[in-house]
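Down below is the structure, laid out as structure tokens.
In what follows, chains carry the letters A, B, and so on, assigned in the order in which the sequence lines appear, proteins first and then strands, with residues in each chain numbered from 1.
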There are 2 protein chains.
Amino acid sequence: MPTTLHDVAREAGVSAATASRALTGGTVSAGTRASVRAAAERLGYRPNRAARGLITGRAGALGLVVPDLTNPFFADVAKGVAARARAADLPVFVADADEEAGLEVEAVRSLARSTDGLLLCSPRAADAQLLDVADARATVLLHRRVPGLASVVADLADGTRQAVEHLRALGHRRIAYVPGSPGSWAGEQRDVGLAAATADGGVEVVRFPPVAPTVAGGVQAADLVLADGATAVLAYNDLVAVGLLGRATARGVRVPEDLSVVGHDDTVATMAHPSLTTVAVPQRRAGAAAVDLLLRLVAAARTPGAPLPEDAEVTLTTHLVVRASTAEPTRPR
Amino acid sequence: MPTTLHDVAREAGVSAATASRALTGGTVSAGTRASVRAAAERLGYRPNRAARGLITGRAGALGLVVPDLTNPFFADVAKGVAARARAADLPVFVADADEEAGLEVEAVRSLARSTDGLLLCSPRAADAQLLDVADARATVLLHRRVPGLASVVADLADGTRQAVEHLRALGHRRIAYVPGSPGSWAGEQRDVGLAAATADGGVEVVRFPPVAPTVAGGVQAADLVLADGATAVLAYNDLVAVGLLGRATARGVRVPEDLSVVGHDDTVATMAHPSLTTVAVPQRRAGAAAVDLLLRLVAAARTPGAPLPEDAEVTLTTHLVVRASTAEPTRPR
DNA sequence: TGGAAGACTGCAAACGTTTGCAACGATCCT
DNA sequence: AGGATCGTTGCAAACGTTTGCAGTCTTCCA
């Protein structure tokens, strides 16, 4: 019962072919175009995506796979993606992989056929696995870099470097670092930043065991960190930083007087008290940029002369936002 | 170049019709089914959704419209929806309406044709608008009730009642209430709860101007609340509660000694320090239940004898989670 | 004035899948 | 042993759209 192109054509007194051309930008007379448009409007015509997709071979939709929608970092990215996709009039399938590489791969497999392109945000799967399952001509990685695939990342290494420099400038000499699950691309980047910042000495970074990207993870790490002599702690994630801060406060350790805390991502940093000094990552912008890149990619893939976009590896800058959770160390602990 | 059903059929030595039946559960011999399945597996066959959708009239996908993916409440709901939809092997289109009724309606319009059913989470649009734009046989409302449409809601009124009772039991007599944008269904429900809890006197609720569902909104409300004599404040949202708590602390007002704070939704309650007493709403479960209901709804709509599901209005219970942000008032302020 | 070129339109095929119908063989019952 | 029934299969149509091709009509130039 939904109105079809034929209904519109009949209403406008033309053939379906002409109606199609009038609506999709083919060569028709101005008068015809106007009357077809009017008929379509009058009847509330909406093209059948399935039929269009069948003949054109395009799905008219994008796909986004994230590890966890509940993580504010990914929620922000998803928002950026959704906004940019809406502007391009493309609906987007969103899959939540529950932090599992297996579900991630399965999502890619099933979404690949029903979309024109896929956005994989911080995928947990291994490089080889991704290269195997993803179509390089229709996939953009977000916050992950794999040779052979297009990607949009933030300069995490530099962000971490800025954070350490900030703490060093304040006078901290022993800094605790709480990392995430080992083997992740983001983790490696942060390691690069740590190495760069500690290269010329003057500051020592002690690495703690990895924890989950949650407030609970931060709480768990807090007691270990407090047992150490560090005067500052750097968390790989704002949620972890919030957990650290909360637990420290609960145990009577004052932040930032007794302990400086630095987060990462600038997601929930203003929810903490004191508000968190953190490394801001432009999640929304990254999401939007990824959609842009993906659109260029699939457009290039459709033209036979296939010059893949030069700038298939986008890097966005990060910057430290200094708030209230960092200060000069009062006394050596 | 992707493998089609014909490829599978040829590989298995049967017709396309038989291959289709073998894979989708038609009547074929056990041997045929096995060999077709084997062929499909060998070739990595994935059915073309567009072609299937065109002939069956089903899209094989669901749609979810939320006001803001960034709001942890909706992110949780989306996670519940995604998990349940994955179990049903249905991908889900997610649209972010940016808290605007107009975008919401537009999302419904464009998604309606490309999905089998739509989930509208806390829609901002007016009742009449929703009834106009939504197909009652394929739409489920989440955290909103409109006569004529199926819905899954939480008992917000009772949650608010529990919160007020809790504060009264602690000895509070003057409670500040910070509401959200006026005219919302959830707001009305909370008003019902407030009325119920204050009916037999003994406690007074003072209503403050509405604020945005953000930490900033809470900060904004905080100074107004502190100027009042209330010993406790009830926020319509955890984010707002966090803002209230942070600002109060910053101004030297101790929580819970000088001011008790109660949030709502149990989203970011454990991020605050002290952790928030809040009304827990089962978002994930609501999302999953909404998918279930939607699936039953569309199944019923497909059978001509159309007995719409009896339980088209699901209500989930809420309960107060008492944490560290509420206590007996120390002295009248 | 004749022809070529161009603008506009319709016919029909095609995309990959599902499904009604009919055909076939085997099995069962009487 | 004959007919009916059932299980299994293939043929062909159908879903709604886009698009190559050819046709018609107009316009322009020589």
Toward the 5' end of DNA chain D, by each residue's nearest nucleotide, B:Arg21 or B:Ala51 | B:Arg21

Separation of atom CZ in A:Arg52 from atom C1' in D:dG16, rounded to whole Å = 11 Å

Just checking A:Thr56: base, sugar-phosphate only, or nothing, at a heavy-atom cut-off of under 4.0 Å?
-> sugar-phosphate

Side chains of A:Arg145 and A:Ser151: do they bring a donor and an acceptor to under 3.5 Å?
-> yes

Nearest whole angstrom, please: distance from the C1' of D:dC15 to the CG of A:Leu5.
-> 14 Å

Can you find a side chain N or O atom of B:Thr32 that sits less than 4.0 Å from OP1 or OP2 on D:dT9?
-> yes

Nucleotide nearest A:Ser29 when distance is taken to its side chain, options D:dA14, C:dT19, C:dC8 | C:dC8

Expressed in angstrom and rounded to an integer, what is the separation of A:Arg10 atom CZ from C:dT9 atom C1'?
-> 18 Å

Going by heavy atoms in the side chains, are A:Val153 and A:Arg144 under 4.5 Å from each other?
-> no

Which one, D:dT8, D:dT18, C:dT18, comes nearest to the side chain of B:Ser20?
-> C:dT18

Against the side chain of B:Ala17, the closest entry in C:dT17, D:dG10, D:dT17 is D:dG10

Please state whether the phosphate of D:dT9, meaning OP1 or OP2, lies under 4.0 angstrom from any side-chain nitrogen or oxygen of B:Thr18.
-> no

Parallel, tilted or perpendicular, as decided by the 30° and 60° cut-offs, for the rings of B:Phe93 and A:Phe93 = parallel

Under 4.0 angstrom between A:Tyr45 side-chain N/O and D:dT17 OP1 or OP2 = yes

Roughly, in whole Å, what's the span from CZ in A:Arg58 to P in D:dT19?
-> 7 Å

Are B:Arg46 and B:Glu41 within salt-bridge range, i.e. N to O under 4.0 Å?
-> no

Looking across every strand, which nucleic acid part, if any, lies under 4.0 Å from A:Thr27 by heavy atom: base, sugar-phosphate, or nothing?
-> base

